[in-house]
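Note that ligands are numbered from 1 as they come in the structure, with each ligand's atoms numbered from 1 the same way. Hydrogens, waters and symmetry mates are skipped; everything else that's a heavy atom, side chains included, is used.
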Amino acid sequence: MIIGLVGAPSSGKSTFFNASTLAGAETANYPFTTIKANHAVGFVKVDCVDKFFGKQCNPRFGYCINHKRFVPVDMMDIAGLVPGAHEGLGMGNQFLEDIRQANVCIHVVDASGSTNEKGEFVGPLKHDPVNNIKFLEEELDYWYFGVLQRGWERTARVLVQEKGELYKSIAKQMSAFGVDEDMVKVLLEKMKLMDKKATDWTEADLLAVSKQLRMKTKPVLIAANKIDVPGTEDNIKRLKEAFPEYVIVPCSSESEFALRQASKHGLIDYIPGESDFTIKEGIGITDVQRKALEFIRENVLKRFGTTGVQQVLNAAVFDFLHYVAIFPGGVGKLTDKEGRVLPDCFLMPPGTTALDFAFKLHTDIGNHFAKAINVKTKMPIAKDVPLHNLDVIEILVH
Ligand SMILES: Nc1nc2c(ncn2[C@@H]2O[C@H](COP(=O)(O)OP(=O)(O)OP(=O)(O)O)[C@@H](O)[C@H]2O)c(=O)[nH]1
Ligand SMILES: [Mg+2]
């Protein structure tokens, strides 16, 4: 699973990426700072099951603080997109190709209105960010449309002559986007297009199907960034009013980045996603650093609750993709060979069963699956029933 960061240039994608991963991608206040996509590991935050067992875990990957477990997720920071990207503007075609790999898109919007759709600096509250929300998705939709429409006339003629299955042909054409046959079949049935002859399809039909497939394979949630800029609150309110059906999470990537850096250098105690931090006295923090940290406390944390970055990542993985966090374990034995307590936590797609999980652990475990046990309740579970978030599962083999 890959989380993609998309949006207009200078909206703060690389800053969001750095705040989540501390990867050190280049950031600057001019458009197209990022050209080549950056990849690194970020973390979603879950309530660690170690608390349930009265233990302290030792993660092999990620980390755990105060029973908050940070589980790794792959993230990708992509070059900025401008209106007309699907027609190649601002190297849009090339940049769109990078988005192909993403399972979910975080649309980073400059909610402070300091930059326009082209990423040019115009000054705080000067640009209306409401305009940005639609353009990006239209670019994605037209990109899908372009691929679906390519060679359509010929494909349609052949399909009608040979009485081929239309949904199979569409799935094949769109497979690079993660579209599969079932998805197209369900969609065409829902849209009442299953029985419409391919040669009778209009451009509007193709666009409507493209849009639906895009929404399924590249769902978009909004990170309304730069909330530390005074006056941004009104813009957030207007964004939420203009798009009530969207998930819009206010955030300040720059603040989160500053807090994580300060924490990394031992200046403060801060757990990502929490509503406050404490300055460690006697460490030699400078007045400038203290002032910057207090600014974040007053203008971001006290006003909005958190910096929002962690909330955006969690929303992408759990609310949008409906993934579940599953811990392997054993009744009466939560350690691995090296003595690590609950060393692993896997993010699994929705509908994952105990048998799927067994195969995820190892093909041999899947092939020799005998029985699965819910370690929290010590009760056996059926191999074909979907697992729940924060389940601890023991797989017995024969
Ligand atoms: N005030 C404020 N500024 C931010 C925030 N996030 C990013 N910025 C600033 O916005 C500018 C652009 O940030 P980047 O992270 O480089 O933006 P980008 O979206 O990656 O830009 P491109 O790579 O050019 O597409 C930089 O000057 C950042 O310091 C934020 O939360 N608050
Ligand atoms: Mg960038």
Side-chain angles (χ1 to χ4, degrees), residues 3-40 42 75-83 85 89-92 94-96 98-99 102 105-127 129 132 135-136 139 222-233 235-236 239 248-262 272-273 291-293 295-301 303-313:
I3 299 176
L5 295 170
V6 300
S10 296
S11 58
K13 299 176 295 299
S14 300
T15 307
F16 187 105
F17 178 78
N18 287 342
S20 317
T21 64
L22 295 181
E26 193 183 344
T27 63
N29 65 350
Y30 51 81
F32 300 113
T33 305
T34 309
I35 298 292
K36 204 171 156 286
N38 298 302
H39 289 260
M75 294 184 64
M76 178 170 51
D77 167 35
I78 299 161
L81 289 174
V82 293
L89 281 180
M91 293 210 282
Q94 184 191 321
F95 297 161
L96 281 163
D98 289 329
I99 304 179
C105 293
I106 293 173
H107 178 186
V108 182
V109 176
D110 177 352
S112 74
S114 306
T115 51
N116 63 21
E117 280 160 27
K118 292 183 190 156
E120 295 154 346
F121 185 77
V122 290
L125 310 177
K126 288 286 191 308
H127 176 73
N132 286 50
F135 109 75
L136 186 108
E139 291 304 327
I222 312 290
N225 195 31
K226 308 194 187 180
I227 54 171
D228 53 286
V229 175
T232 303
E233 253 158 327
N235 276 351
I236 303 269
L239 282 173
I248 299 175
V249 186
C251 70
S252 171
S253 307
E254 208 159 72
S255 303
E256 180 68 11
F257 182 68
L259 293 179
R260 291 207 192 180
Q261 284 289 359
K291 215 168 143 210
L293 290 166
F295 178 88
I296 294 171
R297 193 181 340 247
E298 292 305 315
N299 293 285
V300 178
L301 299 179
R303 284 210 186 138
F304 292 90
T306 70
T307 70
V309 169
Q310 189 64 59
Q311 281 65 18
V312 170
L313 288 179

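Considering CE of Met76 and OG1 of Thr21, their distance stands at 13.5 Å, rounded to 0.5 Å. Ser10 OG to Tyr30 OH: the interatomic distance, rounded to the nearest 0.5 Å, is 9.5 Å. Distance check: Leu5 CG to Asn38 CG gives 9.5 Å after rounding to the nearest 0.5 Å. The structure places CZ of Phe295 at 7.5 Å from OG of Ser255, a figure rounded to the nearest 0.5 Å. Considering CD1 of Ile3 and OG of Ser20, their distance stands at 8.5 Å, rounded to 0.5 Å. Within the model, atoms CG of Asp228 and CD of Glu256 stand 12.0 Å from one another, a figure rounded to the nearest 0.5 Å.
Ser10 N, 3.6 Å is the protein heavy atom nearest to atom 22 (P) of ligand 1. Of the protein's non-hydrogen atoms, Glu254 OE2, 3.5 Å is the one closest to atom 28 (C) of ligand 1. The closest protein non-hydrogen atom to atom 13 (O) of ligand 1 is Thr15 OG1, 3.6 Å. Protein heavy atom nearest atom 10 (O) of ligand 1, with residue, atom name and distance: Lys226 NZ, 3.1 Å. Counting only heavy atoms of the protein, atom 17 (O) of ligand 1 lies nearest to Gly12 N, 3.2 Å.
Polar contact check, Asp228 against ligand 1: a nitrogen or oxygen pair lies under 3.5 Å apart. Where the criterion is an N or O separation shorter than 3.5 Å, residue side chain and backbone included, Ile78 fails it with respect to ligand 1. Between Glu26 and ligand 1, not a single N/O pair is under 3.5 Å apart. Distances between N or O atoms of Ala28 and those of ligand 1 include at least one value under 3.5 Å. Backbone and side-chain nitrogen or oxygen atoms of Phe32 are examined, and one is located within less than 3.5 angstrom of a nitrogen or oxygen of ligand 1.
Contact annotation: for Ser252 versus ligand 1, heavy atoms closer than 4.0 Å belong to both the backbone and the side chain. Only side-chain heavy atoms of Asn225 come within less than 4.0 Å of ligand 1; its backbone N, CA, C and O stay farther off. Both the backbone and the side chain of Asn29 come within 4.0 Å of ligand 1, counting heavy atoms alone.
Taking the side chain as every heavy atom from C-beta outward, Phe95 and Ile35 approach each other to under 4.5 Å. At a threshold of 4.5 Å between non-hydrogen side-chain atoms, the residues Val109 and Ser11 do not count as touching. With contacts defined as side-chain heavy-atom distances shorter than 4.5 Å, the pair Leu301/Thr307 qualifies. Between Leu313 and Phe16 there is a side-chain heavy-atom pair separated by less than 4.5 Å. Looking at Val82 and Phe32, their side chains come closer than 4.5 Å, going by heavy atoms from C-beta outward. Looking only at side-chain heavy atoms (C-beta outward), Leu81 and Ile99 come within less than 4.5 Å of each other. Using a 4.5 Å heavy-atom threshold, the side chains of Lys226 and Thr232 count as separate. In this structure, the side chains of Thr306 and Gln311 come closer than 4.5 Å at one or more pairs of heavy atoms.
Ligand 1 has no atom lying under 4.0 Å from any heavy atom of Phe257. Ligand 1 lies out of reach of Gly119, whose nearest heavy atom is not under 4.0 Å from it.
Counting only protein atoms, the N, O or S atoms lying less than 2.8 Å from the Mg ion (ligand 2) are Ser14 OG, Thr34 OG1, ordered by chain and residue number.
The distance from ligand 1 to the heavy atoms of Pro31 drops below 4.0 Å at these ligand atoms: 24 (O). For ligand 1, the atoms sitting less than 4.0 Å from at least one non-hydrogen atom of Tyr30 are 24 (O), numbered in the order shown with element in parentheses. Within ligand 1, the atoms closer than 4.0 Å to a non-hydrogen atom of Gly80 are 25 (O), numbered from 1 in the order shown. Which parts of ligand 1 touch Ser14 is read off a 4.0 Å heavy-atom cut-off, strictly below it: atoms 15 (O), 18 (P), 20 (O). Per-residue contacts place Lys13 under 4.0 angstrom from the following atoms of ligand 1 (heavy atoms of the residue considered): 15 (O), 17 (O), 18 (P), 19 (O), 20 (O), 21 (O), 22 (P), 25 (O). Ligand-side atoms of ligand 1 in range of Val229: 1 (N), range being under 4.0 angstrom from any heavy atom.
Evaluation of the side-chain hydrogen bond (donor to acceptor under 3.5 Å, both in side chains) rule for Thr115 yields Asp110 as partners, not counting sequence neighbours.
In this model, no donor atom of one side chain and acceptor atom of the other lie less than 3.5 Å apart for His107 and Asn132.
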